[in-house]
Amino acid sequence: MKVPLSSPDIIEKDIGAVVGVMKTRHLSIGPKVVEFEKRIGNYVETRYTIAVNSGTSALHLIIRGMGIGEGDVVITTPFSFIASSNCILFERGRPLFVDIEEETLNLDADKVEERLKNMSVEELAKVKALLVVDAFGQPADWDRFKEVAEKYNLKLIEDSAEALGSEYKGKRAGSLGEVGVFAFYPNKQISTGEGGVLVTDNEELDRLARSIRNQGRGESGEWLDHERLGYNFRMDELSAALGCSQMERIEEILDKRAKVAGMYGEKLAEVEEVQVPFIAPYVSRMSWFVYVIRLEKGIDRDRVIRFLREGGIECKPYFTPIHLQPFYRKMFGCKEGDFPITEDVTGRTIALPFFNNLKEEQIDYVVEKLKEGIGRISR
Ligand SMILES: *Cc1c(COP(=O)(O)O)cnc(C)c1O
């Protein structure tokens with residue numbers, strides 16, 4: 001049996017929506033992007049939504065739009081997809097990593113506060129923002145981060161790229177900081193092929209982000225008037241049409257994913273060497289992005305992955321810590337031992353196959369193979 005790691009859920013209606021746009025010959029800067037922005041804004045309950053060509057572009061727009069630049073410091077997590085930190089580098093800012101919580105895998109607010117408390121006045125003056133990631137879809141402890149941000153007068157950015165539909169104490173991910181981000185690469189909860197959005201209630205940030213997305217054009221909309229340095233980060237109409245069509249099914253999609261996660265949880269409960277994801281009590285709804293298990297200390301994770309792959313099961317060691325990526329080591333002198341919890345966890349995690357239409361027999365096969373692999377390797 002072959003089981004892929006992920007697989008986007010595309011139905012005939014999605015295909016029809018994209019074909020429909022092609023028939024209009026109106027492929028960019030049109031009504032579908034506007035509609036997609038409305039749908040996301042209504043869902044997340046934020047005032048402004050700006051659709052762009054990737055989640056990474058959305059993060060970049062935030063950093064630029066907030067005026068974070070040369071020498072400015074942004075506190076963030078080393079346990080994430082690399083874009084959540086690279087966006088700071090794009091504008092010559094400096095990420096300052098702080099370790100994560102062992103259970104939730106999210107940035108540890110206590111450690112962030114401790115780090116800020118021990119800074120000199122000069123160091124503190126450089127820190128401009130907290131960029132907090134909702135890792136694997138699970139919202140971080142946002143009340144705590146709000147407290148810390150207020151106390152130290154920092155901007156609060158939510159990388160909710162993996163968390164569309166998740167809720168923290170009844171409030172949707174994306175609306176938990178001053179600004180949030182979603183991404184629509186094919187392994188995300190919904191996909192537009194490539195694409196992303198920025199969501200915020202901040203009018204000034206909306207105005208700047210719209211301009212920078214569109215070659216720095218001003219509100220007049222004149223094609224050759226450029227008020228500032230901008231990019232082409234626009235989302236096209238085909239992608240937006242796919243996004244609209246997928247958003248119509250968002251509840252069904254999230255339910256399907258929750259069901260798959262639930263089946264894994266039940267079937268893995270008896271496997272002693274495997275720790276399933278921990279969901280914190282403040283998470284009132286979990287939107288599952290991936291299904292990442294942790295092996296007991298001492299089991300050779302990479303050998304287990306190899307064994308699963310030989311059995312046709314695609315799986316990955318999510319994530320490799322950002323601070324240990326070669327260019328981070330070189331630029332910032334990061335090294336092993338800097339963030340012990342992140343490093344311990346990343347040595348033991350495996351992302352198992354996870355997508356909307358994963359069948360129970362496929363899950364059974366994955367669990368069987370996992371047990372078999374662990375049994376052979378730990379013996
Ligand atoms: C997917 C993802 C992004 C980037 O999104 P792209 O659309 O691939 O550019 C950013 N941050 C996190 C945490 C992600 O998982």
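In listed order, ligands and their atoms are each counted from 1.
- Residues in residues 175-202 take part in these ring pair (Phe, Tyr, Trp, His ring centres under 6.0 Å) pairs, two or more places apart or across chains: F36-F184.
- Between S6 atom OG and E314 atom CD the span is 7.5 Å, to the nearest 0.5 Å.
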Would you list the atom pairs, donor with acceptor, under 3.5 Å between side chains in residues 270-283 and any protein atom, with sequence neighbours excluded?
residue, atom, partner, partner atom, Å
E270, OE1, K371, NZ, 3.4

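- Around atom CG of N357, more than 12 heavy atoms belonging to other residues, nucleotides or ligands sit under 6.0 Å away.
- Here ring pair (Phe, Tyr, Trp, His ring centres under 6.0 Å) pairs that include residues 336-377, with residues two or more places apart or in two chains, are H323-F339.
- Sorted by chain and number, the residues within 4.0 Å of ligand 1 by heavy atom are S54, G55, T56, L59, S80, F81, A83, V133, D159, A161, E162, A183, K188, G195.
- Linking Ile, Leu, Val, Met, Phe, Trp and Tyr whenever their side-chain heavy atoms come within less than 4.5 Å leaves V52 and L238 in two separate clusters.
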